[in-house]
Amino acid sequence: MFIRRGRVGGRRPLVASHLPVTHKATPAESEQHKATKERIVETASRYGLDADAEVPTANRRSISDALVTGPGGIRIGWEIQYHHLSPSSVHRRSVNAVQQDITPLWVAKDRTASLIDRAPWARVDDMPWKAIADGREMVIRGGYRHLQVWKCVPSSERHCLLTDGAGHCGEVHSDWFLPALCLPEKKAVHLEDLVLSSATGESVPVYVPNRGAGRAGRYMWVSATDCERWREMVGEKTPLPEAPGLEEDDEITFAEQEIDRNCRAGEEGWFVSDTRPVRDLGQPTGGFTLPQMPTQRSGAPTLILPVERAAASAALGCPPWELGPCAECGQLMRRYGRDAAMFCGVCRALLNGR
């Protein structure tokens, strides 16, 4: 048995708990950590980035497994965490890194890892250290997403976020999806891709509040383009939120097992505590419905005649197919992108003509 902090009402007294010795770190698992760290450093060096292993922060409060510095001065502190770590430790080390101008990037191999969605993270497959060292592809299975925007109409392949899929509201929705769940499917992101893109600023961490029940929100890595587009849509310009000091499941554990609070004295056989819940479910974040644009006051647009098109081309000094959209559709394009699917007939013809 061992002593831990319990919860009794608003107090946190010291209590005794059984120690479920059901799993111990093996030398092979330690080599897993070492192989991943070396692969990150070698990949960064191959791309011409500055990279070192076991780098302490300036205040000596934590050590990054691998510190990669990009050409623009962006510093990514890689934390390979293949075993259980309490949420408070994740929060404390992440906040310390940010205070030292280092963006933390946690790597997990387990879908139940407590670090998931509590800091910028990425999940890879559980594989032997020899496979990691030999260069077997390491696909980012969780923690990297793409922004998808669609108009909720009968022809849309996405379901409605407002009617629980029972109909189509005609609004414009957006949500974050794993590459394999995007329409069309996106290319998978590999560890090497994230090493480069995170250091160059092409991939950035964002925090997306959950709009449904459950956890407060999700951390994820996204492309800088998707990040900017998302912030323009939701009007969100604030940085990542500060982590709370303590959470409900922030409990002292041993060797990846939850504490068994039942006394088994006198019972035959051996018992294993319940496993931790799966945190990486790969589900969308809950989505966001874009606010409605003001109704156009003008009448139905008329098609541009070839003569008018040529005259406009000559006046503007550009080929006919490079004519831009009207003011209203131009605003939609700047805000939501070319796939807003709600341009007027003239602008849609111009875009298709390109």
Dump the intermediate steps for side chain to side chain donor-acceptor pair (under 3.5 Å) on Asp226 and Trp230, then the final yes or no.
CA-CA 6 Å; Asp226 280 352; Trp230 167 258; over 6 Å; no

Residue pair Leu147, Arg229: steps toward the side-chain contact (heavy atoms from CB on, under 4.5 Å) verdict
CA-CA 9 Å; Leu147 180 65; Arg229 189 180 182 190; 4.1 Å; yes

Does the pair Val222 and Trp176 meet the rule for a side-chain contact (heavy atoms from CB on, under 4.5 Å), with working shown?
CA-CA 9 Å; Val222 305; Trp176 297 93; 3.3 Å; yes

Worked verdict on Leu191 versus Thr43 for side-chain contact (heavy atoms from CB on, under 4.5 Å):
CA-CA 9 Å; Leu191 182 72; Thr43 298; 5.9 Å; no

What's the verdict on side-chain contact (heavy atoms from CB on, under 4.5 Å) for Leu161 and Trp150, showing C-alpha distance, side-chain angles and the deciding distance?
CA-CA 11 Å; Leu161 299 181; Trp150 70 98; 4.1 Å; yes

After noting the C-alpha distance and the side-chain angles of Glu54 and Lys37, does the key distance pass the salt bridge (Lys or Arg N to Asp or Glu O under 4.0 Å) rule?
CA-CA 9 Å; Glu54 302 297 329; Lys37 175 177 60 179; 2.8 Å; yes

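The minimum heavy-atom distance linking Val139 with Ala188 is given by the pair CG1-CB, 4.0 Å.
In the hydrophobic cluster analysis, where Ile, Leu, Val, Met, Phe, Trp and Tyr join through side-chain heavy atoms closer than 4.5 angstrom, Val41 is grouped apart from Leu49. Met127 and Leu194 end up in the same hydrophobic cluster when Ile, Leu, Val, Met, Phe, Trp and Tyr side chains are linked at under 4.5 Å. A continuous path of hydrophobic side-chain contacts links Val195 to Val124 [ILVMFWY only; heavy atoms under 4.5 Å]. The hydrophobic clustering, which links ILVMFWY residues whose side-chain heavy atoms are closer than 4.5 Å, places Val98 and Val55 apart. Two different hydrophobic clusters hold Ile102 and Trp121 under the rule that ILVMFWY side chains link at heavy-atom gaps under 4.5 Å.
No side-chain donor-acceptor contact under 3.5 Å links Thr200 and Tyr47. Between the side chains of Ser86 and Ser88, at least one donor N or O lies within less than 3.5 Å of an accepting N or O. A donor and an acceptor atom, one from each side chain of Gln99 and Asn59, are nowhere located under 3.5 Å apart.
At a threshold of 4.0 Å, the pair Glu79-Arg93 counts as salt-bridged, since one of the basic side-chain nitrogens sits closer than that to a carboxylate oxygen. Using a 4.0 Å cut-off between charged nitrogen and carboxylate oxygen, Glu192 and Arg39 count as a salt-bridge pair. Electrostatic pairing of Arg279 and Asp117 does not count as a salt bridge here, judged by no charged N lying under 4.0 Å from a carboxylate O.
Judged by distance alone, with hydrogens and angles left aside, the side-chain atoms of Arg75 form a donor-acceptor pair with the main-chain N or O of Gln100 at under 3.5 Å. Checking side-chain atoms of Ser156 against main-chain N and O of Arg158 turns up a donor-acceptor pair under 3.5 Å. Although no hydrogens or angles enter the test, the distance criterion places a donor-acceptor pair under 3.5 Å between the side chain of Ser197 and the main chain of Asp193. No donor-acceptor pair closer than 3.5 Å links the side chain of Ser89 to the backbone N or O of Leu85. Side chain of Asp134 to backbone of Arg136: no donor-acceptor contact under 3.5 angstrom is found. At least one donor-acceptor pair under 3.5 Å links the side chain of His33 to the backbone N or O of Ile80. At distances below 3.5 Å, at least one donor-acceptor pair connects side-chain atoms of Gln81 with backbone N or O atoms of His83. Listed for the Arg61 side chain is no donor-acceptor partner under 3.5 Å among the backbone atoms of Thr57.
The ring of Trp106 has its center no closer than 6.0 angstrom to the ring center of Trp78.
Met138 places a side-chain heavy atom less than 4.5 Å from the side chain of Ile132. Within the 4.5 Å cutoff, no side-chain heavy atoms of Val172 are placed close to those of Cys152. Inter-residue side-chain proximity for His173 and Gln148 is flagged as unmet; no heavy-atom pair is nearer than 4.5 Å. Residues Val107 and Tyr82 meet the side-chain proximity criterion, which asks for heavy atoms closer than 4.5 Å. Side-chain contact check for Ser198 versus Ile74: every heavy-atom pair is 4.5 Å or farther apart. Annotation: side chain of Ile140 is not in contact with side chain of His190 (no heavy-atom distance under 4.5 Å). In this structure, the side chains of Tyr219 and Pro205 stay at 4.5 Å or more apart for every pair of heavy atoms.
With Leu105 as the partner, the side-chain contact (heavy atoms from CB on, under 4.5 Å) test is satisfied by one option alone out of Val68, Asp65, Ile76: Ile76. Applying the salt bridge (charged side-chain N to carboxylate O under 4.0 Å, His left out) test between Asp280 and each of Arg118, Arg111, Arg123, Lys109 identifies Arg123 as the sole match.
The CG atom of Asp110 sits 9.5 Å away from atom CG of Leu115, with the distance rounded to the nearest 0.5 Å.
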